[in-house]
Amino acid sequence: MPAKKKPAPLHPDLSEVLLTEAQIMRRVKSIAGEIKAVYGDGEFTIIALINGAVMFTADLMREIDNPVRLDCIRVSSYGTKTKSIGTPQIIHSLTLDIAKRHVLLIDDILDTGKTLKLVCDLVRELKPASLRTCVLLDKKARREVAMEADFVGFDIPNKFVVGYGLDFAERYRNLRGIGVLRPDRQNAGAWATG
Ligand code: 5GP
Ligand code: MG
C-alpha cells in the first residue's frame, strides 16, 4: 500500500497551522446556519470591513440565500506591525443608505475590540433597524474595550495569525488556511531581504 501523502504545509513562513481550509469551510457553513436562524428569510445589509474580511464575507455570503445587500468600510490597518497601535480610523465609509435596515457587520478578527467598536458606533448613528456583528476569529485575551460579537467562528490564542484574508504587510491574504506567522517573519522587510 502506498504511504499516505502528508498534506502540503500552508506556507514556509508559518510556525503553526491553526485552521485548515476544510475546518474554516465547515465552520463558515455552520455560522451561516446560525445567522439564518436569527434573520429568517428577511433581507439584511452586510457591511464587510476590508481588506481583512473579504474572503470570509465572500464565502459566508454564498452560504446564505436571503436577499442581501453588500457594502464595505475601510479602517486604518496595522501597517507592517503585528500589534494594534493607537486609535483605528475610518478611511472609507459606506455608500449604501442603512437607515431602518438590518445590518450585519463582518470582520476577520476581534482583537482589542477598538475597530469593531468604532464601526458599530458609526453604524448606530445612521439609525439601522438592527445591528449585529460577526467575526471569524476572536482573540479574547487581548480585549481592551467591552466588545463581543454576536457570531464568532473560532476562539484563538493570543498569537499573530495570517491567511484567509488576514495579512502581514499585505502578504499571506491568499493562503487557504490560517496560521501563526513565524517570529522571525514578524518584522517589516524580513521577507524582502529573504
Ligand atoms: P482590534 O481593533 O480589535 O484590536 O483589531 C482588529 C483588527 O486588527 C482586525 O480587523 C485585523 O485587521 C487586525 N488584527 C488583529 N489581530 C490580528 C492578527 O492576529 N493577525 C492579523 N493579520 N491581523 C490582526
Ligand atoms: Mg481588519
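- At least one donor-acceptor pair closer than 3.5 Å links the side chain of R182 to the backbone N or O of P12.
- Note: D65 CG to D41 CG = 7.0 Å, rounded to the nearest 0.5 Å.
- Residues L137 and L19 form a side-chain contact, since some pair of their non-hydrogen atoms from C-beta on lies under 4.5 Å apart.
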Are L104 and Y39 close enough, and set up right, to give a side-chain contact (heavy atoms from CB on, under 4.5 Å), and what steps lead you there?
-> CA-CA 10 Å; L104 179 65; Y39 289 98; 3.7 Å; yes

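- At a threshold of 4.5 Å between non-hydrogen side-chain atoms, the residues K140 and E148 count as touching.
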Report the C-alpha separation of V152 and L110 in whole Å, then their side-chain angles, then the decisive distance to 0.1 Å, and conclude whether the side-chain contact (heavy atoms from CB on, under 4.5 Å) test is met.
-> CA-CA 9 Å; V152 175; L110 186 49; 5.8 Å; no

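- Note on V54 and L96: separate hydrophobic clusters, where clusters join Ile, Leu, Val, Met, Phe, Trp and Tyr whose side-chain heavy atoms are under 4.5 Å apart, directly or indirectly.
- Atom CG of L10 and atom CD of E16 lie 12.0 Å apart (nearest 0.5 Å).
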side-chain contact (heavy atoms from CB on, under 4.5 Å) between D108 and L136: does it pass, once the steps are laid out?
-> CA-CA 5 Å; D108 50 2; L136 179 67; 5.5 Å; no

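- Within the 4.5 Å cutoff, the side chain of D107 has no heavy atoms near those of the V75 side chain.
- Counting all heavy atoms, side chain and backbone alike, L131 lies closest to P128 at CB-CG, 4.5 Å.
- Put simply, the side chain of C134 reaches to within 4.5 Å of the side chain of F56, judged on heavy atoms.
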For the pair R143 and D111, evaluate salt bridge (charged side-chain N to carboxylate O under 4.0 Å, His left out) and give the outcome as yes or no after the intermediate values.
-> CA-CA 6 Å; R143 205 74 90 251; D111 188 35; over 6 Å; no

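- Residues L14 and P9 have side chains not in contact (no heavy-atom distance under 4.5 Å, counting atoms from C-beta outward).
- Of all heavy-atom pairs spanning G163 and I178, the tightest one is O-CG1, 3.7 Å.
- When every heavy atom of R27 is checked against every heavy atom of F154, the shortest pair comes out as CB-CZ, 3.3 Å.
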List the steps and the verdict of side-chain contact (heavy atoms from CB on, under 4.5 Å) for R26 and K29.
-> CA-CA 5 Å; R26 262 200 309 275; K29 279 193 171 68; 6.0 Å; no

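- In R69, the CZ atom is crowded: over 12 heavy atoms of neighbouring residues, nucleotides or ligands sit closer than 6.0 Å.
- Note that CD1 of I31 and CD1 of I106 are 9.0 Å apart. Values are rounded to the nearest 0.5 Å.
- Within the 3.5 Å criterion, the main-chain N or O of D150 finds a donor-acceptor partner in the side chain of T133.
- Below 30°, between 30° and 60°, or above 60°: for F168 and F160 the angle between ring planes is above 60°, a perpendicular geometry.
- Side-chain atoms of R74 do not come within 3.5 Å of backbone N or O of I91 as any donor-acceptor pair.
- Put simply, CG on L175 and NE2 on H11 are 6.0 Å apart, with the number rounded to the nearest 0.5 Å.
- Atom CZ in F151 sits 5.0 Å away from atom CD1 in I35 (nearest 0.5 Å).
- A side-chain donor-acceptor contact under 3.5 Å links K139 to the backbone of K159.
- With hydrogens and angles disregarded, no donor-acceptor distance shorter than 3.5 Å links the side chain of T112 to the backbone of E144.
- In this structure, the separation between OG1 on T87 and NZ on K117 is 11.5 Å, given to the nearest 0.5 Å.
- A side-chain N or O of T95 and one of D71 form a donor-acceptor pair less than 3.5 Å apart.
- Between I50 and H92 the shortest side-chain heavy-atom distance does not fall below 4.5 Å.
- Closest approach of P88 to L118, counting heavy atoms only: O-CD2, 3.4 Å.
- Closest approach of L122 and S93 over heavy atoms only: CD2-OG, 3.9 Å.
- A donor-acceptor pair is defined here as one N or O able to donate and one able to accept, closer than 3.5 Å; no such pair exists between the side chain of R132 and the backbone of H102.
- Taking 4.5 Å as the limit, every side-chain heavy atom of N51 sits out of range of all side-chain heavy atoms of D167.
- Under the 4.5 Å side-chain criterion, counting only non-hydrogen atoms from C-beta, I73 is in contact with L94.
- Between the N66 side chain and the G42 main chain, a donor and an acceptor come within less than 3.5 Å of each other.
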